[in-house]
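Every number for a ligand or one of its atoms is a count from 1 in the order of the listing. Predicted, not measured: the structure shown is a model, and the values here were computed from it. Just so you know, residue 1 is the first one in the sequence shown, and it goes up from there.
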Amino acid sequence: MSDPVLLPSKASISRHEGVKFEDVRVHLLERKMGSSRRRFLTHLARSKGFIVEDTLSDAVTHVVSEESQASSLWKWLKGCGLKNLPMMHILNIIWFTDSMREGRPVAVETRHLIQVCVLATVSQYACQRQTTTENNNKIFTDAFEVLAESYEFNEMEGPCLAFRRAASVLKSLPWAVQCLGATEDLPCLGEHSKAVMEEILQYGRSFEVEKILSDERYQTLKLFTSVFGVGPKTGEKWYRRGLRSFSDILAEPSIHLNRMQQSGFLHYGDISRAVSKAEAQALGNIIDEAVHVITTDAILALTGGFRRGKEFGHDVDFIVTTPELGKEGHLLTSLIDQLEQQGILLFCEHQTSTFDMSKLPSHRFEAMDHFAKCFLILRLENSQVVGGLHDAEEGGRSWRAVRVDLVSPPIDRYAFALLGWTGSRQFERDLRRFARMERRMLLDNHALFDKTKKEFLAATTEKDIFAHLGLEYIEPWQRNA
Ligand code: CTP
Ligand code: MN
Ligand code: MN
């Protein structure tokens, strides 16, 4: 005969007369609590009308533990073979003492929970994590991004990258961190990151971050680098000359603005405003039409943040090419002419191709690729956008300026270019780092080189590249690392 050990026997319930709370079945974990304390607390709870189960079974609703290491507790719990574990409240002793004081089971609050720990280990590489646009840890990642940027402005690459990595790990979690214990098994979180998180958990904000945000140098560099064509180097130069505002810069006769920066200032209001998905779609239609006037079989693909499913972006990125190798050569030039003729080209910086397969792999598989590309500002009419322009100012402007990037790789490099331009930047960084560190391979926007075999690995799709790297395929919308 089988023994239904997992069900509480009638006897065990009716044994305690005066049960007041039928729906709550408490189990006190002896681990860490010790048997005598457990016996005492069991007695106390029963005297107040609580059902306390002696064994941990699927009938238990509230598990109380004095264990402080959330991860080891969860490892142990998962090992108990309970079917009902996902439905149980796993609680710290505060819930128990609160309930004893009130003389009833108090409602479970966040502070009572011993947070579920990630038992599947989280990889240190973003390319082995799935990161959607839903960020459950924005309060932490926003803070980390301010710190990273501040280190970037001070040219401290190490700590900058460390905070970017830490932010990226938190973005991949399907749950919100509610106590520091829950981060125990996570990679890339150093002392400094954890100290910032602890501050935020305790006070709801980080004083270190607030100090940076109110720092004049940080504020000024942030403002200056928000202009198209102005990087940290130029921003720093202007700051050191005592300039603090746009009017300072524009009033300074000795400052020479390049063409890109001039357009950046001219269209500042428009291009510093987010681009919506509908606006990206409208631009896609415009470019699609223009490129097919040039070559009927042209290939156009949306890439960048919008391919990753973002609702808003700072620009719109596209790849354009032709199915016939070599025919892509004049595609961008013709496309720019087309847009110019339509009267919608507000700015264009065209970089011709310097791509040469025989020179690969270069010593530094550098960030910038050698494909023909152009950085544009286009005029987008309100009437071209389904639902109209996003965030159109009062007074009803009929158009806005939008930043658009186009890149034109030869078709046999298409998969590498698509993977490289889809991003996110952190995802790309980690793909390359993974290839180098774990596979002795070099990956960039042009190619994948196997250093052991001393040969290039061909790919026609992104899936081919992931397969060469021995990585599980990550969909574009899971690359928001
Ligand atoms: N990229 C690149 N070479 C460049 C510019 C960009 O390889 N010269 C890649 C970046 O690595 C990034 C992607 O193109 O992954 C898109 O860049 P960008 O438009 O700056 O960022 P998005 O992820 O699209 O974000 P946003 O929505 O802010 O535009
Ligand atoms: Mn983009
Ligand atoms: Mn871009």
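Thr295 pairs with exactly one of Leu335, Thr322, Val320 by the side-chain contact (heavy atoms from CB on, under 4.5 Å) rule, that one being Thr322.
The name of the N, O or S atom in Asp405 nearest to the Mn ion (ligand 3) is OD2. Considering just the N/O/S atoms of Asp315, the one nearest the Mn ion (ligand 3) carries the name OD2. The N, O or S atom of Asp317 lying closest to the Mn ion (ligand 2) is OD2.
Contact atoms of ligand 1 toward Gly304: 24 (O) (distance under 4.0 Å to a heavy atom of the residue). Residue-ligand proximity, Gly423 to ligand 1, at heavy-atom distances under 4.0 Å covers atoms 15 (O). The contact set between ligand 1 and Lys310, taken as ligand atoms under 4.0 Å from a residue heavy atom, comprises 25 (O), 26 (P), 27 (O), 28 (O). Each of the following atoms of ligand 1 lies closer than 4.0 Å to a heavy atom of Asp315: 19 (O), 29 (O). Within the listing of ligand 1, atoms 8 (N) sit less than 4.0 angstrom from a heavy atom of Met368. Listed by atom number, the atoms of ligand 1 under 4.0 Å from Gly313 heavy atoms are 27 (O).
Under the 30°/60° scheme for interplanar angles, the aromatic rings of Phe246 and Phe265 are found to stand perpendicular. Ring geometry for Phe312 against His390 counts as tilted: the plane angle lies between 30° and 60°, on a 0 to 90° scale. Using a 30° and 60° split on the angle between ring planes, Tyr473 and Phe466 fall in the perpendicular class, above 60°.
Taking any N or O of Gly305, backbone or side chain, at least one lies under 3.5 Å from an N or O belonging to ligand 1. Between Lys373 and ligand 1, no N or O atom pair is found at a separation short of 3.5 Å. At under 3.5 Å, not a single nitrogen or oxygen of Asp369, backbone or side chain, sits near a nitrogen or oxygen of ligand 1. Some N or O of Arg425 is nearer than 3.5 Å to an N or O of ligand 1, by distance alone.
With rounding to the nearest 0.5 Å, the separation of CG in Leu325 from CG in Asp412 is 5.0 Å. Taking CG of Leu331 as the reference point, atom CD1 of Ile336 lies at 10.0 Å (rounded to 0.5 Å).
Checked by atom type, the side-chain pair Asp464/Thr460 shows a donor-acceptor distance below 3.5 Å.
Around the NE2 atom of His292, the shell of radius 6.0 Å holds more than 12 heavy atoms that belong to other residues, nucleotides or ligands.
When heavy-atom distances to ligand 1 are checked against a 4.0 Å cut-off, Thr303 has no atom that comes that close, whether in backbone or side chain. Residue contacts with ligand 1, taken as heavy atom pairs separated by less than 4.0 Å, involve Asp317 solely via side-chain atoms from C-beta onward.
Looking at Gln351, Arg308, His314, Glu311 and measuring to atom 28 (O) of ligand 1, the nearest heavy atom belongs to His314. Comparing Phe371, Trp421, Phe306 against atom 5 (C) of ligand 1, the shortest heavy-atom distance belongs to Trp421.
Judged by distance alone, the side chain of Arg400 and the main-chain N or O of Arg273 form a donor-acceptor pair under 3.5 Å.
Cation-pi contact between Arg379 and Trp399: present, with separation from the ring centre below 6.0 Å and deviation from the ring axis of at most 45°. Judged by a 6.0 Å distance limit and a 45° cone about the ring axis, Arg244 is positioned over the six-membered ring of Tyr239.
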